[in-house]
Asker: 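Can you keep this structure in mind? I'll have questions shortly.
Order of the sequence lines fixes the chain letters, A, B, ..., with proteins taken first and strands second; residue numbering starts at 1 for each chain.
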There are 2 protein chains.
Amino acid sequence: MFTECVKAGSFSAAARKLGKVQSAVSQGIANLEIDLGAELFDRSSRKPVLTPEGTRLLYYAQAVLQQVNELEIAARKIEQGDELQVRLALEDGLLSPRLSDILNCFAKLFPATRLEIISASTSAIIQMIKRDKADLGMTFCDQELDAEINQCFIGNLPFYAVCSPEHPLREATEITLHNLFPHRQIVLHGQERTRLDLVPEFSTHIIYADSFLAIREMVRSGIGWSYLPKHLVEEEIQAGRLYKLTPSFDSKPWSPPVETVLAKDRSIGPALNWLANALKGLL
Amino acid sequence: MFTECVKAGSFSAAARKLGKVQSAVSQGIANLEIDLGAELFDRSSRKPVLTPEGTRLLYYAQAVLQQVNELEIAARKIEQGDELQVRLALEDGLLSPRLSDILNCFAKLFPATRLEIISASTSAIIQMIKRDKADLGMTFCDQELDAEINQCFIGNLPFYAVCSPEHPLREATEITLHNLFPHRQIVLHGQERTRLDLVPEFSTHIIYADSFLAIREMVRSGIGWSYLPKHLVEEEIQAGRLYKLTPSFDSKPWSPPVETVLAKDRSIGPALNWLANALKGLL
DNA sequence: TTTATTCATCAATATAGCTGATTAAAATAG
DNA sequence: CTATTTTAATCAGCTATATTGATGAATAAA
């Protein structure tokens, strides 16, 4: 009633909008004023105008209504069949700004659905899907097929070969297999010690690390060179904190395939369905 | 009722806490379940346990109660006589981390009072107090007394003389009036072109700027040297981005006096009173 | 001045919410 | 396994609250 009176500009108009009689609003506001211990409207003129106290308390009242509205929206969404939560497991290399956009969009479309994001290695993600620890996975393509899961190719993620600006490779006139050979390469390594063989290895001196962000730090400190997802190094290359190597044997950036992973048997609700489809346009 | 049932663990216990009869709670929850379109509790066992839907909706319900609580607190505070707003005008050089602590404390103690912070020069602040554009000011001491305002000395703000690490002054073995002379000094300048004469001037090459933050940037870029509030340069000196000059003619850091300014005639509410007192312990 | 609105007041009424008693089921104790 | 206690659902009756509808005073527009 309070906010409606402010919006409508008069008690009578608010009453009409609320489908009640004018005296109901008049008494309702009077009761609220007693409860809050403050005069909300100044009635000295024809139309009631907010007092300073009323103006201040209006913000708090609107905040209450906003929360009530969110409760109701959540209830309607749950009633419609939206899932209570969706657990998305992904390779940390896939956490790009474009993905953030998709997740923001998800939060708007499914306000009642809790979104849990889990970062893990490809093999761990497949295990999580199988054991119902995650609902949807996004991984680098695994060759082997699996009876329990549905895989869906969604695109390629470009990788750049990078080193620190102080690294000796920067001086090389041409990057060939031959002159990459003597330098330390840093390669991603899953938690289960089952190294992904998708990353090409060109060196005998290989260092393993378990996250792309860790690798980026190591490359920046000059320990070695590595292949890293484009979106993780683009800004750094611009800022001169990393140097992009262009191997002569790669005409285009090396881009491994990416796929989504879903359990075959489990039911798919509207939120999970939307998210799985949205991810198809990620790359 | 919903949150109370969750807290209490049973409808009967919740009823006792709410001062109602068990059947009231039982029906109340049943009605809420109809309204929300979801079963909140699983009654198959002796004590009702939250369903997954109930768990999810509980968060939203608690958010509603939180907002209602804040509305009620604000109303009580306004009823007690707390001001609806306090406008604090201060020299930007006085915006220190210690001040932030005081303002956070203020927000907790006076949740219904809007705090407006205005950054301005000393002379502008005094004008704002006189013209009722601000309730409380904090400025560097002004010599002249004024019949309309109450001034209260609260302490001294230490200033450091600083230059950029690349500045030629850094090489000087001793900083004397004589060797400061040929270098550009940057000095604060109010908006009304009435330069504060509290800042000592040692150079014929003087550049004026209208905020300490602007001066800091200029000093960092190597344009000249300046006196700046200690808290604004301490971190920068630590990080090596600024260099502290220790003039031989200053045994201690130069520390101009600071005062609070209040209008003499206007009434002082609890929030304004608290803030004026809290500022006395700032320096 | 007349007319149309506006808000406050108040008795009458409708209704949402509460009570108190009862029943059935589940946990606890013996 | 039974007796006791505790718990929740149901329902008729009651109560407090919200709402109505009528009235009067005040204000703005015609």
Side-chain angles (χ1 to χ4, degrees), chain A residues 1-58 60-62 64-65 67-69 71-72 75-76 79, chain B residues 1-55 57-58 60-62 64-65 67-69 71-72 75 79:
Chain A
M1 269 187 185
F2 178 27
T3 59
E4 200 56 57
C5 285
V6 174
K7 260 192 283 181
S10 89
F11 291 4
S12 301
R16 285 190 292 267
K17 272 207 170 180
L18 294 166
K20 294 188 199 303
V21 122
Q22 172 264 322
S23 62
V25 174
S26 184
Q27 285 195 53
I29 296 295
N31 286 339
L32 183 61
E33 287 178 324
I34 291 167
D35 288 349
L36 294 179
E39 202 190 34
L40 299 173
F41 293 97
D42 172 18
R43 280 96 152 176
S44 63
S45 78
R46 188 171 163 78
K47 301 217 163 183
V49 296
L50 275 173
T51 60
E53 290 81 12
T55 310
R56 191 85 193 104
L57 290 172
L58 176 63
Y60 292 86
Q62 285 171 331
V64 171
L65 289 188
Q67 288 297 347
V68 171
N69 194 37
L71 167 61
E72 280 173 346
R76 291 293 87 73
E79 202 176 9
Chain B
M1 269 186 184
F2 178 26
T3 58
E4 200 57 55
C5 286
V6 174
K7 262 192 283 180
S10 90
F11 291 4
S12 301
R16 285 191 290 271
K17 271 207 172 183
L18 294 166
K20 294 187 200 303
V21 126
Q22 173 263 322
S23 63
V25 175
S26 184
Q27 285 194 50
I29 297 294
N31 286 338
L32 182 62
E33 287 178 323
I34 292 166
D35 289 348
L36 294 178
E39 202 190 37
L40 299 173
F41 293 97
D42 173 18
R43 280 94 152 176
S44 64
S45 77
R46 187 173 165 76
K47 300 215 164 185
V49 295
L50 275 173
T51 59
E53 290 80 12
T55 311
L57 290 172
L58 175 63
Y60 292 87
Q62 286 171 331
V64 171
L65 290 188
Q67 288 297 346
V68 171
N69 194 35
L71 168 60
E72 280 173 345
E79 203 176 7

Asker: Between A:Gly9 and A:Pro48, what is the shortest heavy-atom contact and its length?
Answerer: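 For A:Gly9 versus A:Pro48, the nearest heavy atoms are O-CD, 3.8 Å.
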Asker: Between C:dC7 atom P and A:Phe41 atom CZ, what is the distance in whole Å?
Answerer: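 Rounded to whole Å, this separation is 10 Å.
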Asker: Please figure out whether A:Gln27 or A:Lys47 has its closest DNA chain C nucleotide nearer the 5' end.
Answerer: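 Taking each residue's closest nucleotide, the earlier one in sequence belongs to A:Lys47.
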Asker: Quick check: does any side chain N or O of A:Glu33 sit under 3.5 Å from a backbone N or O of A:Leu40, one acting as donor and the other as acceptor?
Answerer: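 Here the side-chain-to-backbone pair exists.
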Asker: Of the listed nucleotides (C:dC18, D:dT7, C:dT6), which one gets closest to any side-chain atom of A:Ser10?
Answerer: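 Looking only at side-chain atoms, A:Ser10 lies closest to C:dT6.
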Asker: Distance criterion of 3.5 Å, no angle test: do you see the side chain of A:Gln22 paired donor-to-acceptor with the base of C:dA8?
Answerer: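 Such a pair is found, so the answer is yes.
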Asker: Nearest to the A:Ser26 side chain among D:dG21, C:dC7, D:dA8, which nucleotide is it?
Answerer: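 For A:Ser26, the side-chain atoms sit closest to C:dC7.
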Asker: Between B:Ser26 and B:Phe11, which heavy-atom pair has the shortest distance, and what is it?
Answerer: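 Shortest heavy-atom separation between B:Ser26 and B:Phe11 comes out as CA-CD2, 4.1 Å.
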Asker: In whole angstrom, give the distance that lies between atom CG of A:Asp42 and atom C1' of C:dT6.
Answerer: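 The distance from CG of A:Asp42 to C1' of C:dT6 comes to 14 Å, rounded to the nearest Å.
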Asker: Measure from the side chain of B:Val21, starting at C-beta and using heavy atoms only, and say which of D:dA18, C:dT19, D:dA8 lies closest.
Answerer: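 Nucleotide nearest to B:Val21's side chain: C:dT19.
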Asker: Which one, C:dC7, C:dT19, D:dT7, comes nearest to the side chain of B:Arg46?
Answerer: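 Nearest to the side-chain atoms of B:Arg46, counting from C-beta on, is D:dT7.
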Asker: Between D:dA8, C:dG20, D:dT19, which one does the side chain of A:Ala24 approach most closely?
Answerer: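 Per side-chain heavy atoms of A:Ala24, the pick is D:dT19.
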Asker: Expressed as a whole number of angstroms, how long is the span from B:Glu33:CD to D:dT10:P?
Answerer: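 Computing the B:Glu33:CD to D:dT10:P distance gives 11 Å.
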Asker: Please report the distance, rounded to the nearest Å, between CZ in A:Arg16 and C1' in C:dC7.
Answerer: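 About 13 Å, once rounded to whole Å.
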Asker: Mind listing the closest non-hydrogen atom pair of B:Glu4 and B:Lys17 along with its distance?
Answerer: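 Result for this residue pair: OE2-CD, 3.2 Å.
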Asker: Can you name the closest pair of heavy atoms from A:Phe41 and A:Thr51 and give their distance?
Answerer: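 Heavy-atom minimum between the residues: C-CG2, 3.7 Å.
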Asker: Could you tell me the separation between the CD1 atom of A:Ile34 and the C1' atom of C:dA8, rounded to a whole number of Å?
Answerer: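 Taking CD1 of A:Ile34 and C1' of C:dA8, I get 13 Å after rounding.
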Asker: Nearest to the side chain of A:Ser12 - C:dT9, C:dT19, C:dC7?
Answerer: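 So the nucleotide nearest the side chain must be C:dC7.
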Asker: Can you check the B:Asn31 CG to D:dC11 P distance for me, whole Å?
Answerer: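 For the pair B:Asn31 CG and D:dC11 P, the rounded distance is 13 Å.
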Asker: For the side chain of A:Arg43, starting at C-beta, report the closest nucleotide among D:dT20, C:dC7, C:dT19.
Answerer: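 Nearest to the side-chain atoms of A:Arg43, counting from C-beta on, is C:dC7.
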Asker: Please report the distance, rounded to the nearest Å, between CE in B:Met1 and C1' in D:dA8.
Answerer: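 So the two atoms are 14 Å apart, to the nearest Å.
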Asker: Can you tell me which nucleotide in C:dT6, D:dT7, C:dA8 comes closest to the side chain of A:Phe11?
Answerer: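 So the side chain of A:Phe11 is nearest to C:dA8.
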Asker: Which sits closer to the 5' end of DNA chain C, B:Lys20 or B:Ser45, going by the nucleotide each is nearest to?
Answerer: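 The answer here is B:Lys20.
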Asker: Rounded to the nearest Å, what distance is computed from the CG atom of residue A:Leu32 to the P atom of nucleotide D:dA18?
Answerer: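 It works out to 11 Å between those atoms.
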